[in-house]
Amino acid sequence: KAGVTQTPRYLIKTRGQQVTLSCSPISGHRSVSWYQQTPGQGLQFLFEYFSETQRNKGNFPGRFSGRQFSNSRSEMNVSTLELGDSALYLCASSYRTAGANVLTFGAGSRLTVL
Amino acid sequence: EDKVVQSPLSLVVHEGDTVTLNCSYEVTNFRSLLWYKQEKKAPTFLFMLTSSGIEKKSGRLSSILDKKELFSILNITATQTGDSAVYLCAVEATYSGAGSYQLTFGKGTKLSVIP
């Protein structure tokens with residue numbers, strides 16, 4: 001059973017550019033969540049998508065956006081990049097049942113903004 | 001605002017030692033508490049706890065939740081160098097909106113096990 005796949009694994013951008021990250025969840029998982037991980041702040045919730053709908057959004061500026069496609073694959077976009085956006089971006093998927101919501105994480109996309 | 005605090009932030013032990021990692025939380029609409037291990041990149045799931053006082057065990061690792069005092073501990077006995085990692089505690093809560101869930105993570109405990 002394939003895990004959560006994130007692409008690209010590493011990327012370098014300059015300030016002001018934009019970036020799109022992709023996440024393919026585990027087959028059958030309909031919920032995809034995105035987290036930003038930095039040394040200072042740890043893992044912080046960005047947003048969650050379920051059945052192509054954003055269900056919840058964390059406390060990030062509007063430059064951070066995402067979407068989910070009908071096959072549950074998800075993308076997140078960061079526009080007008082700032083130095084502080086350098087981080088590991090982790091995607092996680094789950095079945096999202098009423099009783100349990102264990103997230104399975106991908107290996108992450110390491111973004112460096114110069 | 002939901003908050004999860006882990007202690008200690010880092011810990012160095014010798015192989016064979018027993019360690020206890022702590023996680024306290026302040027969360028509205030608590031659903032579950034989860035422990036993850038992060039070695040290189042992807043955090044990997046260890047335990048999910050929903051009921052107070054019931055210990056979850058997996059080999060040398062065990063965890064328990066106290067919903068009255070709002071904390072959890074993760075124990076590792078007979079530590080090995082392969083246990084070196086960052087251990088993350090996360091609390092899941094429900095939010096307004098149809099079936100909306102969110103994990104709030106602590107900053108993690110970095111465990112280093114030396115031979």
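Chain letters run A, B, ... following the sequence lines, proteins first, then strands; residues in each count from 1. In this text, all values refer to a predicted model and were calculated from it rather than measured experimentally.
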Around [X], counting heavy atoms of other residues, nucleotides and ligands shown, do more than 12 lie under 6.0 Å from its [atom1]?
X       : atom1 : result
B/Glu26 : CD    : no
B/Leu9  : CG    : no
B/Lys37 : NZ    : yes
A/Asn59 : CG    : no
B/Arg60 : CZ    : yes

Q: Report yes if the distance between the aromatic ring centroids of A/Tyr35 and B/Phe105 is under 6.0 Å, otherwise no.
A: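 Under 6.0 Å, so yes.
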
For the [atom1] atom of [X] and the [atom2] atom of [Y], what is their distance to the nearest 0.5 Å?
X       : Y        : atom1 : atom2 : value
A/Leu90 : B/Gln38  : CG    : CD    : 6.5 Å
B/Met48 : A/Leu103 : CE    : CG    : 10.5 Å
A/Gln37 : B/Leu88  : CD    : CG    : 6.5 Å
A/Phe45 : B/Asp2   : CZ    : CG    : 11.5 Å

**Q.** Sidechain-backbone polar pair: B/Lys107 side chain, A/Gly40 backbone, donor-acceptor under 3.5 Å
**A.**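 Yes, the answer is positive, given that a donor and an acceptor are paired below the 3.5 Å cut-off.
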
Q: Could you tell me which portion of A/Gln6 (side chain, backbone, both or neither) has an atom closer than 4.5 angstrom to a non-hydrogen atom of chain B?
A: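 Contact with chain B involves no heavy atom of A/Gln6 at all.
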
Q) Non-hydrogen atoms of chain B under 4.5 Å away: do they reach the side chain of A/Leu43, the backbone, both or neither? A)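 Both parts, backbone and side chain.
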
Q | Toward chain A, the part of B/Leu34 with a non-hydrogen atom under 4.5 Å | A |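 Contact with chain A: side chain only.
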
Q: Report whether B/Leu70 and B/Leu74 are members of the same hydrophobic cluster (ILVMFWY, side-chain heavy atoms less than 4.5 Å apart, transitive linking).
A: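 Same hydrophobic cluster.
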
Q) Hey, quick one: are A/Leu11 and A/Met76 part of the same hydrophobic cluster, counting side-chain heavy atoms closer than 4.5 Å, chains of contacts allowed? A)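 Yes, A/Leu11 connects to A/Met76 through the hydrophobic network.
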
(Q) I need the minimum non-hydrogen distance between B/Ala42 and A/Phe105, along with the two atoms involved. (A)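 Scanning both residues, the minimum pair turns out to be CB-O, 3.8 Å.
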
